[in-house]
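Since the model is a prediction, treat every value here as computed from it, not as a measurement. We count residues from 1, following the sequence as given.
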Amino acid sequence: MEESSNVVEAKDGTISVASAFAGHQEAVQNRDHKFLTRAVEEAYKGVECGHGGPFGAVVVCNDEVLVSCHNMVLNNTDPTAHAEVTAIREACKKLNRIELSDCEIYASCEPCPMCFGAIHLSRLKRLVYGAKAEAAIAIGFDDFIADALRGTGVYQKANLEIKQADGNGAIIAEQVFEKTKTKFTLY
């Protein structure tokens, strides 16, 4: 299908391009809505099952749902079993690979820093999320990790000291990268 464009110059001299294929944006919105709705359904399902908090995620590949998951923190007794991490783990298993560069993820809520890190590391090509993080924070889900990363947090809840090892400990830990680098050809 050939797409034509109309160049429009405004009175202030700015130029904009209007696509003749106006239905494209609407089609993308409908597709996003369909998969995001599935992620929200997973969020409800996880709460109803008692598996964890109200979060859902769907990994899509070639316009098909590859996996549909919800938060499994309580069920798995695993604080890292957020919906997005669970979905990424399941998608990687299903595809038998560690990168998902031809896939997209739909999350019912804006990902926390851990989930965003997992999304980045798995090389997903697109993230679409529904609710802002503030909606989760408003009902008691904590955002101190994001605040800590931004350097704005008060770390009372974490009660965590963070320190790099001194001397030899740091040196031998750094050497593992130099000594094993030839064994890894990632991405």
How many angstroms lie between atom [atom1] of [X] and atom [atom2] of [Y], to the nearest 0.5 angstrom?
X: Q25; Y: D32; atom1: CD; atom2: CG; result: 10.5 Å
X: R97; Y: R123; atom1: CZ; atom2: CZ; result: 13.5 Å
X: M72; Y: T77; atom1: CE; atom2: OG1; result: 10.0 Å
X: K125; Y: C61; atom1: NZ; atom2: SG; result: 7.5 Å
X: I172; Y: Q175; atom1: CD1; atom2: CD; result: 7.5 Å
X: H70; Y: C49; atom1: NE2; atom2: SG; result: 5.0 Å

Please tabulate, for side-chain N and O atoms in residues 107-119, each donor-acceptor pair with protein atoms closer than 3.5 Å (sequence neighbours left out).
from: S108; atom 1: OG; to: G56; atom 2: N; distance (Å): 2.9
from: S108; atom 1: OG; to: G56; atom 2: O; distance (Å): 3.4
from: E110; atom 1: OE1; to: A133; atom 2: N; distance (Å): 2.9

- Message: Main chain of L66, side chain of K94: is a donor-acceptor contact present, judged purely on distance under 3.5 Å?
- Response: yes
- Message: If we ignore hydrogens and angles and just use 3.5 Å, is the side chain of N62 paired with the main-chain N or O of E64 as donor and acceptor?
- Response: no
Can you check whether [X] reaches [Y] side chain to side chain, under 4.5 Å on heavy atoms?
X: L124; Y: I88; answer: yes
X: N71; Y: H82; answer: yes
X: I105; Y: S122; answer: no
X: R38; Y: K34; answer: no

- Task: Flag the pair E104 and R126 as a salt bridge only when some basic side-chain nitrogen lies within less than 4.0 angstrom of an acidic carboxylate oxygen.
- Result: yes
Can you name the nearest heavy-atom pair linking [X] to [Y], along with the distance?
X: G50; Y: L74; answer: O-CB, 3.8 Å
X: V47; Y: P54; answer: CG2-CA, 3.5 Å
X: C103; Y: L95; answer: SG-CD1, 4.1 Å
X: T86; Y: A81; answer: OG1-O, 3.3 Å
X: A87; Y: V67; answer: O-CG2, 3.4 Å

- Query: Between F55 and F141, what is the ring plane arrangement, given parallel below 30°, perpendicular above 60°, and tilted in between?
  - Reply: perpendicular
- Can you get from V128 to F35 by hopping between Ile, Leu, Val, Met, Phe, Trp and Tyr side chains that sit under 4.5 Å apart? yes
- Can you sort out the partners of D63 under side-chain hydrogen bond (donor to acceptor under 3.5 Å, both in side chains), two or more places apart, ordered by chain and number? R31
